[in-house]
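Single-structure report; data block below.
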Amino acid sequence: MRTAVLVGALALAAVTVTTSAVAAPAAAETAVVAKDPTPGPVATAGPSTVTSLAYETVTYGPQRRQDMDVWWNADGEQRPGVFLIHGGWWSAGDKRQMTTIARGYADLGYTVFNLNYRLSGQAAWPAQRTDVLAAIQLARKHAERWGFDMKNFVIVGFSAGGHLAASVGTYGDGMSGLKGVVGLSPIVSPLRAYTDGAVSTDPYKRRLRAAAIKLAGGCEPKGRCSRVWASMEVAWHASRHDAPMLTVHSEDEFVPPAQSQLLKQMLGQVGVPVTVITAPGTAHSAPLYRLPGIAEQVHQWIADRLSGQL
């Protein structure tokens with residue numbers, strides 16, 4: 001079926017959607033848990049106020065926080081997908097922070113997957129990357145239900161979520177259907193954050209250093225932990241079939257543009273384009289996204305990556 005847009009691996013369990021799509025608006029309902037012995041989705045009414053959009057929350061694994069909100073246009077069309085990953089130092093945050101942004105992409109005509117994932121206090125790396133891969137696998141499994149063109153999607157991550165998005169983008173030698181990765185203040189190099197935080201008086205850089213250590217399971221990048229830290233480094237896993245990337249940083253924020261410059265260099269060596277946008281000031285993550293013109297540039301970049309299937 002022809003894809004339409006309004007504007008210009010690792011599965012944890014096999015699951016079956018057992019509830020019908022909920023067209024909004026609707027009042028909150030009691031969650032319905034699938035009776036299948038494998039972890040099933042949970043669907044609830046969503047906050048949308050446009051009746052053409054459908055919304056539900058589903059689980060993609062058996063553990064706490066392995067869930068995502070799905071927004072789609074229930075018109076029978078297959079549409080490109082946008083996967084959103086929230087930030088929060090890998091140890092905090094929630095997909096609810098991304099609801100307005102998720103709704104915005106749904107209004108543009110995309111099928112949107114707004115992810116939660118296990119935080120570092122619940123599970124150490126690479127659990128977070130595993131969760132994103134599992135969520136993508138579930139989206140593939142139920143592509144027809146959600147009007148999702150599994151051959152045509154992007155991943156958008158904010159701060160720590162940008163690290164997860166970029167890590168999936170360089171996992172293996174490319175992912176089928178992944179057309180691009182966007183990072184808003186992405187922590188491309190936890191190792192760089194670890195080093196910078198050791199000598200900086202900036203409280204955010206020092207906090208980021210501690211957060212990276214926690215993500216690695218509480219150990220520093222030496223001895224038995226060296227492999228874990230190497231796995232967390234996005235640029236070290238560049239390969240020629242990786243998806244193009246767009247990263248956005250403020251010039252003076254605590255996750256500096258230099259993090260993405262290394263990624264641009266390493267992916268460039270294997271022929272994968274990386275675009276790095278810098279904005280004046282110190283805005284980080286979602287506040288950076290809301291600066292005049294930034295969201296529009298991101299939207300255009302995504303539309304350009306996905307336009308080949310229109």
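Basis for what follows: all heavy atoms, side chains included, without hydrogens, waters or symmetry-related copies. Numbering of residues begins at 1 and proceeds along the displayed sequence.
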State whether a side-chain donor-acceptor pair under 3.5 Å links Gln66 with Tyr117. no
Taking a hydrophobic cluster as the set of Ile, Leu, Val, Met, Phe, Trp and Tyr residues connected by side-chain heavy atoms closer than 4.5 Å, whether directly or through intermediates, do Leu191 and Leu262 fall within one such cluster? no
Whether the Tyr60 and Asp67 side chains hold a donor-acceptor pair (N or O, under 3.5 Å, no angle test) is what I'd like checked. no
If hydrophobic clusters are built by linking Ile, Leu, Val, Met, Phe, Trp and Tyr wherever their side-chain heavy atoms come under 4.5 Å apart, do Leu108 and Val156 end up in the same one? yes
Cation-pi check, Arg79 to Tyr110: give yes when NZ or CZ is under 6.0 Å from the six-membered ring centre and within 45° of the ring axis, no otherwise. no
Could you tell me if His284 and Glu253 have a donor-acceptor pair between their side chains, going purely by distance under 3.5 Å? yes
Would a hydrophobic clustering, with Ile, Leu, Val, Met, Phe, Trp and Tyr connected at side-chain separations under 4.5 Å, put Ile187 with Trp89? yes
Report yes or no: does Gln259 contribute a side-chain atom to a donor-acceptor pair with the main-chain N or O of Val188 at less than 3.5 Å? yes
Is it true that Lys151 and Asp149 make a salt bridge, defined as a side-chain N closer than 4.0 Å to a carboxylate O? no
Quick check: does any side chain N or O of Arg65 sit under 3.5 Å from a backbone N or O of Arg118, one acting as donor and the other as acceptor? no
From Lys214 NZ over to Arg207 CZ, what is the distance, rounded to the nearest 0.5 angstrom? 9.5 Å
Met245 vs Leu267, side-chain contact (heavy atoms from CB on, under 4.5 Å): CA-CA, chis, key distance, verdict: CA-CA 9 Å; Met245 296 196 190; Leu267 279 172; 4.1 Å; yes
Looking at side-chain heavy atoms only, is the closest gap between Met68 and Val58 below 4.5 Å? yes
Exam field: side chain Ser200 to backbone Gly197, donor-acceptor pair closer than 3.5 Å: no
With rounding to the nearest 0.5 Å, note down the distance linking CD1 in Ile85 to OG in Ser159. 12.0 Å
Do Leu53 and Asn73 have side chains that approach each other closer than 4.5 Å (heavy atoms only, starting at C-beta)? yes
Test your reading of the model: is there a side-chain donor-acceptor pair from Ser120 to the backbone of Ala211, 3.5 Å cut-off? no
Polar side chain donor-acceptor pair, Trp71 to Glu56, under 3.5 angstrom: no
Distance col, row Ser91:OG vs Leu119:CG, nearest 0.5 angstrom, shows 7.0 Å
Do Leu246 and Met266 sit in one hydrophobic cluster, given that two such residues count as connected whenever their side-chain heavy atoms are within less than 4.5 Å of each other, even indirectly? no
Mind checking whether His299 and Tyr289 have parallel, tilted or perpendicular rings, split at 30° and 60°? perpendicular
Taking all heavy atoms of Ala160 and all of Gly88, pick out the closest pair and write down the distance. CB-N, 4.2 Å
For the CD atom on Glu144, are there more than 12 heavy atoms of other groups (residues, nucleotides or ligands in this structure) within a distance under 6.0 Å? no
Does Ser185 use its side chain to pair, donor to acceptor, with the backbone of Ser285 at less than 3.5 Å? yes
Any cation-pi pair here, Arg227 with Trp229, using under 6.0 Å and within 45°? no
Can a side-chain donor-acceptor contact be found between Ser260 and Thr247 if the only test is distance below 3.5 angstrom? yes
Could you grab the distance from atom CZ of Phe153 to atom CZ of Arg305, nearest 0.5 Å is fine? 15.0 Å
Counting C-beta onward and ignoring hydrogens, is there a side-chain heavy-atom pair between Phe83 and Val132 closer than 4.5 Å? no
Is there side-chain contact between Pro256 and Gln261, with heavy atoms separated by less than 4.5 Å? no
Is a donor on one side and an acceptor on the other found under 3.5 Å between the side chain of Asn114 and the backbone of Ala102? no
Nearest heavy-atom neighbours spanning Val234 and His163: CG2-CD2, 3.8 Å
Hey, are Gln300 and Asp304 close enough side-chain-wise for a donor-acceptor pair under 3.5 Å? yes
Hey, are Arg206 and Asp202 close enough for a salt bridge, meaning a charged N less than 4.0 Å from a carboxylate O? no
Can you name the closest pair of heavy atoms from Pro80 and Leu306 and give their distance? CB-CD1, 3.6 Å
Mind checking whether Val182 and Ile155 have side chains closer than 4.5 Å, heavy atoms only? no
Looking at Lys95 and Asp69, is any side-chain nitrogen of the basic one under 4.0 Å from a carboxylate oxygen of the acidic one? yes
Give, for atom CD1 of Ile101 and atom CZ of Arg290, the distance between the pair rounded to the nearest 0.5 Å. 7.0 Å
Could you check whether any side-chain N or O of His249 sits under 3.5 Å from a backbone N or O of Ile277, counting only pairs where one atom can act as donor and the other as acceptor? no
With under 30° as parallel and over 60° as perpendicular, where do the rings of Phe148 and Phe113 fit, or are they tilted in between? perpendicular
Gln128 (side chain) donor-acceptor with Ala123 (main chain) under 3.5 angstrom: yes
Same hydrophobic cluster for Trp125 and Leu263, using side-chain heavy-atom links shorter than 4.5 Å among ILVMFWY? yes
Using only atom types and a distance under 3.5 Å, with no angle test, would you say the side chain of Glu233 pairs donor to acceptor with the backbone of Ala230? no
Look only at the side chain of Thr111 and the backbone of Gly147, and say whether a donor-acceptor pair between them is shorter than 3.5 Å. yes
